[in-house]
Amino acid sequence: MGVTCQALLRNHARIWQQGIEHPFLRQCQQGTIQPVQFDTWLVQDYLFVQEFTRMLARVLGAAPFHHFPVLLNGLAALKEELAWFELKATERQLELDVPQQSTCQQYGEFMASLCTTPYPVQVTALWAIEYAYNQGWQLPGPMPEPYAEFAARWGNPGFTEYVNQLAQQADEVLAETSAMTQRQAEAAFLRVATLERDFWQMAFSAG
Ligand SMILES: Cc1ncc(CO)c(N)n1
């Protein structure tokens, strides 16, 4: 049996769950997260999205042409998302010109390293990164203010549809690739799950 996105989730359910379920998200849903924790996440995630945008641009550069529409939609959405982060930071009076914390830096280095891997590995990692936030922000259930719009950003049906399209594109190329590349895609998936857990923990430990 070849690797598919569903198979990765099934075979690594526990480590995946650790990447998408965290006290940080639970406490957002309960309204008990501390401002310093939330603000640390907000600023570091803005820095993350800058690196993630670079990654998506490189994935586009490696993609077959018929995958362009979905990836270009993703890039356009990130343009809007970066501006939204800047607005949220202004509202909360947060300084965005700060260093990346170690976990954010490690995540950035991982995303940069993907450019030397075959496209099926890159698109699997891309799907996993987006699906982690899609599930992570959705699973706790509706969030109270001021967190509702954060949950809606990654939990909304349009974003869910985008993530499903990424899974389809990943599955298509995974089916045609070598066993070695499939193993590399699996390793990238596991690395995303671990980095996601670490990223929540980084913010949760702030203050
Ligand atoms: C840490 C992290 N993972 C994923 C995304 C996007 O899906 C994000 N904004 N931040």
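Keep in mind it's a predicted model, so treat the numbers as computed, not measured. Numbering of ligands and ligand atoms starts at 1, following listing order.
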Legend entry - Heavy-atom side-chain proximity of P140 to R26 below 4.5 angstrom: no
Inset, instruction - Identify, with sequence neighbours excluded, every residue that meets ring pair (Phe, Tyr, Trp, His ring centres under 6.0 Å) alongside F85. - result: none
I'd like a table of donor-acceptor pairs (distance under 3.5 Å, sequence neighbours excluded) in which one partner is a side-chain atom from residues 107-117, with atom names and distances.
from	atom 1	to	atom 2	distance (Å)
Y107	OH	E196	OE2	2.6
S113	OG	F110	O	2.6
T116	OG1	S113	O	3.0
T117	OG1	L114	O	2.6

Between ligand 1 and the protein, tabulate every N or O atom pair separated by less than 3.5 Å, reporting distance only.
from	atom 1	to	atom 2	distance (Å)
ligand 1	3 (N)	E196	OE1	3.4
ligand 1	3 (N)	E196	OE2	2.6
ligand 1	7 (O)	I129	O	3.3
ligand 1	7 (O)	E130	OE1	2.5
ligand 1	9 (N)	D45	OD2	2.8
ligand 1	10 (N)	D45	OD1	2.6
ligand 1	10 (N)	D45	OD2	3.4
ligand 1	10 (N)	Y133	OH	3.3

Legend entry - Residues W200, E21; criterion side chain to side chain contact (heavy atoms under 4.5 Å, CB included); working and verdict: CA-CA 9 Å; W200 293 125; E21 270 186 25; over 6 Å; no
Inset, instruction - Could I get the full list of side-chain contact (heavy atoms from CB on, under 4.5 Å) partners for S102, not counting sequence neighbours? - result: Q106
Legend entry - Output field: ring centroids H67/Y119 closer than 6.0 Å: yes
